[in-house]
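What you see below is based on every heavy atom in this structure, not just the backbone, and it leaves out hydrogens, waters and symmetry mates. Sequence lines set the chain letters: A, B, ... in the order given, protein chains first and strands last, and positions in each chain run from 1.
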Amino acid sequence: MIRRKVIEVYNISKKFRKSPKLEPSVILGRGHWIVALINAIKEKNYEYVTVLNKVSLTAHENEILGIVGPNGAGKTTLFKILSGMLFPDEGYGNILGLDLVKDFQEIKRVVNIIGTCEWLTFYEDLSVKENLEFIQKIYTFSGIKPIRDVDSVLEILNLKERISEKVRKLSSGMRQKLALAKCLIIYTPVILLDEPFRGLDILSVKELKEIIKNTLSKEDNETILISSHKLSYIEDLCERILIMNKGRIISSISVEKIKEFSKKFMVVELEVYGIYSEILNKLKKIFGQSIVYVFSFKYPYTRIVFRVLLARKEYSISELLDKLSKYNIRYLYIEVEDPVLEDYFTYLIKTGIGEEEYEDYRESFSLSEN
Amino acid sequence: MIKIIRTSLLLIRIDFLIQRKYKLELITSILSKMSIYIIFLLLAIFTDYYTGMKFFYSKFILTGIVVDSILSSALYTPSLVFIQEYKTGRLDLKMILPLSIKELIYALTLKGMLWSVVENSIFIVCWFYFLIYTLEKNVVLSLHFIIVTILALYSCLELGFLCLGITLSLEIRGFNPMVLLIRTFFVIVSGIYFPLEILPTYLRVFSLISPYYYLANIIRGIKMNVSHLMIMIITAILYAIIGSFSLNTGIKNMIRKGLWQRWL
C-alpha cells in the first residue's frame with residue numbers, strides 16, 4: 001500500500017551565529033540597544049556554526065520515524081524548522097503541502113511539538129488541570145477541537161491523582177508525561193517528540209512507549225517523529241530510523257537493515273582491570289582480522305569496559321575464556337551478544353562508512369525530486 | 001479578531017490565576033505609575049496657589065497627564081509585553097501554540113492594554129469627565145472627542161508595533177529606547193506640559209504628526225478643522241503601514257535567527 005507523504009524536506013541547511021563579540025553588560029552597562037545597533041552593522045564579521053548541513057527526509061502518513069544522533073547533531077534544530085519556529089537558511093520543504101517558510105504561521109495548526117525544554121512550556125504556578133485546560137481552550141479558539149477531555153487524558157497517563165497539584169511540584173518524569181498530554185488532547189496530523197524519554201526510568205519509558213505506539217499512532221493515526229540520543233529507546237518503536245551526526249543525516253535504516261547488520265556482526269563485551277593499550281593489543285591478537293572496532297569506557301583504578309564489534313564467527317564462550325587466560329587478561333565479566341542499534345550507530349560514526357551511505361541517500365532524494 | 005480577543009481574555013485569566021497570591025503587585029504597579037504624575041500635579045497646584053491663577057496650571061497639567069498616560073500606554077505596551085514574556089520564559093510556551101506570531105503579538109498587546117486600563121483607571125475616569133463636560137457644551141465636539149481619541153490611540157499602537165519590529169530586528173533583549181525617543185519627541189512637540197508657543201517654529205511643525213497634540217487640543221476644548229482631522233487620518237494610515245512593515249520584518253528576523261529561544 002502506497003502511503004501519502006506527510007513531510008518532505010530537501011537539502012535544508014541552518015547556520016547559527018556565534019555569541020556577540022561585545023558583551024553588553026561588560027562594555028556598556030545597560031546599553032543593550034547600542035550594542036545591538038553595532039552588531040547589526042557589523043553582521044558580516046560574525047562567525048557562524050553550521051547546525052544543519054543539507055538535510056533531506058520524508059515521512060509518510062501514520063509512520064513513526066526515529067531520528068538518533070549524539071548531542072549537538074542538529075535534531076532539535078531540525079524539529080524547530082519542521083514546526084515553523086525557525087527558518088532554514090537553504091533548501092525547502094513542506095508539511096502536508098504547507099511550505100516551511102511561506103506558511104510558517106499555518107504550520108503550527110498541523111504540527112504539535114514537544115520540545116526538549118518542555119518544563120519551560122508550562123505555567124509552573126498553575127495546576128496540572130489548569131495547564132491542560134489552557135491548552136485545550138487555546139486550540140479550540142483556533143478551530144481545532146479536542147479529541148479527549150482532560151480527565152480521560154490524565155487517566156491514560158496515570159496522573160489523575162496529581163490533577164490539582166502545581167506543575168512546579170511535579171518530578172521531571174511526570175512533566176515529561178504531562179507534555180505528552182498535549183498530543184493526547186488534540187489531534188494534529190504530525191507530532192514531533194524531541195527527546196521524550198529524557199530523564200525517565202525504565203518503567204516510565206515503557207509506559208510512554210505504549211502510549212506513543214498504541215494511542216497516538218494506532219488510535220489517532222498520527223505521523224510521529226521521535227528524536228533521541230539513545231537508540232535503545234526507539235529501536236522497537238520506529239519503522240525507520242535516521243541517524244544524524246554533525247548536522248547531517250548519515251544513514252537511513254529500516255528494522256530489516258538492523259537485522260541484516262546483526263547477522264553480519266557480533267559483539268563481545270568484557271570488563272577488565274589493566275593498562276588500556278596493553279589490553280587493546282592483546283584483544284587485537286585474540287580476534288585478529290575480525291575486529292571491526294573497539295569501543296571502550298575507562299573507569300578509575302584501571303577498570304575498563306571494552307565493547308568489541310566483530311565479524312560474525314562462531315565463538316564459544318569456553319574458547320574465548322581459554323584465549324583470555326592464555327593472554328593473561330583478568331576480566332570481571334564477559335558477554336557475547338548480538339549487536340544492537342547503538343552498535344550500528346557507533347559503527348557508522350567510527351568507521352566513516354556512513355559518509356558513503358549518505359551520498360547514496362542523497363542520490364535517492366535527487367532521483368525522487370526529478 | 002474574535003480569536004485574538006478570546007485569547008487575550010484567556011491570558012488575563014491565566015495572569016489572575018498565577019497572581020492569585022500576589023494581588024499587592026497590581027496595587028504597587030498602579031501606585032508607581034501614578035506617583036510621577038501626582039508629583040507633576042502637586043507642583044502645578046502649588047504654582048497656581050502662589051501665582052494666584054485659579055486652577056489654570058493644574059487644569060493644563062491634568063489634561064497633559066491624561067493624554068500622556070493614555071497614549072504612552074498604547075505606545076509602550078507592544079514592546080513591553082513582548083519583552084516581559086520573553087524574559088519570563090513564557091514566550092516559548094506561546095510560540096508552540098497554534099496561533100500565528102502576529103495573532104500572538106496582538107493578543108498579548110490587547111492583554112497589556114486591558115491591564116493598563118486598570119493601571120490608568122484614574123486618568124481614564126478623568127477622560128470620561130472631560131468627555132461629559134464637552135458633551136454638555138457641544139455634541140459635535142464630543143463626537144470629535146471620541147474620534148480623535150480612537151485615532152490617536154490607534155496611531156500610538158501602530159507606533160508601538162513599529163518599536164517592537166525594531167526591537168526584534170535589532171535583537172534588543174532589554175528595554176527598547178525607541179519607545180522613549182518617540183514619546184519624548186511627541187511630548188516636546190505637542191505642548192502637553194507647556195504651551196506650544198515657547199517652541200521654535202521649525203519644531204512646532206512636527207506637532208501636526210503627533211497624536212498627542214490632537215488629543216490634548218480636543219480635551220482642552222479647542223475645536224478641530226476638517227483639515228486637521230484629515231492629517232490625523234493620513235498619519236494614522238502612514239503609521240499603520242510603517243508599523244505593519246516593521247513588525248513583519250521583525251517577526252521574520254526573529255524566526256530566521258531563533259531569537260525567541262531563551263536557551264539558544
Side-chain angles (χ1 to χ4, degrees), chain A residues 14 16-17 19-20 24 30-37 39-40 51 76-77 80-81 83-89 101 104-127 130-131 133-135 137-144 182 186 188 192, chain B residues 2-11 13-22 83 88-104 107 163 166-181 251-264:
Chain A
K14 183 77 195 168
F16 277 130
R17 209 171 60 184
S19 53
R30 288 176 65 81
H32 303 279
W33 64 280
I34 300 174
V35 178
L37 204 66
N39 287 341
V51 187
T76 306
T77 308
K80 279 173 195 164
I81 288 173
S83 59
M85 289 155 85
L86 262 183
F87 284 159
D89 293 337
V101 179
F104 74 99
Q105 310 268 34
E106 286 80 40
I107 274 181
K108 286 184 197 173
R109 292 171 58 84
V110 295
V111 176
N112 199 347
I113 181 169
I114 306 296
T116 40
C117 289
E118 195 52 57
W119 60 275
L120 272 173
T121 59
F122 283 114
Y123 284 105
E124 300 252 307
D125 292 311
L126 294 190
S127 69
E130 283 165 345
N131 263 296
E133 276 175 351
F134 167 72
I135 290 165
K137 275 183 186 166
I138 214 122
Y139 273 90
T140 317
F141 295 164
S142 304
I144 303 167
K182 201 179 134 209
I186 42 108
T188 48
L192 308 175
Chain B
I2 294 164
K3 186 177 162 186
I4 292 166
I5 294 168
R6 288 177 80 180
T7 311
S8 61
L9 289 175
L10 182 65
L11 292 174
R13 197 178 151 249
I14 297 283
D15 277 2
F16 265 116
L17 285 172
I18 291 171
Q19 292 184 347
R20 52 194 153 195
K21 278 185 184 173
Y22 315 107
I83 288 171
T88 51
R90 290 190 190 127
L91 196 57
D92 310 337
L93 187 155
K94 282 157 193 142
M95 281 292 289
I96 58 172
L97 295 174
L99 297 163
S100 72
I101 296 157
K102 250 188 172 177
E103 282 170 345
L104 179 67
C163 296
I166 292 168
T167 307
L168 299 176
S169 299
L170 290 181
E171 303 168 36
I172 302 165
R173 298 189 180 207
F175 175 70
N176 185 359
M178 270 302 287
V179 188
L180 192 66
L181 274 174
I251 289 172
K252 283 192 175 156
N253 185 58
M254 184 178 79
I255 300 287
R256 189 162 56 86
K257 293 181 181 168
L259 296 178
W260 48 268
Q261 305 169 89
R262 268 167 70 90
W263 61 88
L264 237 180

The test is side chain to side chain contact (heavy atoms under 4.5 Å, CB included); show your working for B:M254 and A:L86 and say whether it passes. CA-CA 8 Å; B:M254 184 178 79; A:L86 262 183; over 6 Å; no
Would you mind checking which part of A:I107 comes under 4.5 Å of any heavy atom in chain B, side chain (CB onward), backbone (N, CA, C, O), both or neither? neither
Is the number of heavy atoms from other residues, nucleotides or ligands within 6.0 Å of NZ (B:K102) greater than 12? yes
Treating A:K137 as the side-chain partner and B:R6 as the backbone partner, does any N or O pair qualify as donor plus acceptor under 3.5 Å? no
Applying ring-ring contact (aromatic ring centres under 6.0 Å, His included) to A:Y139 and not counting sequence neighbours gives none
Shortest non-hydrogen contact from B:I101 to A:Q105? N-OE1, 2.8 Å
Examine whether an atom of B:L11 lies under 4.5 Å from a heavy atom of chain A, and if so say whether it belongs to the side chain, the backbone or both; otherwise answer neither. side chain
Indicate yes or no: at least one non-hydrogen side-chain atom of A:F104 is less than 4.5 angstrom from one of B:I251. yes
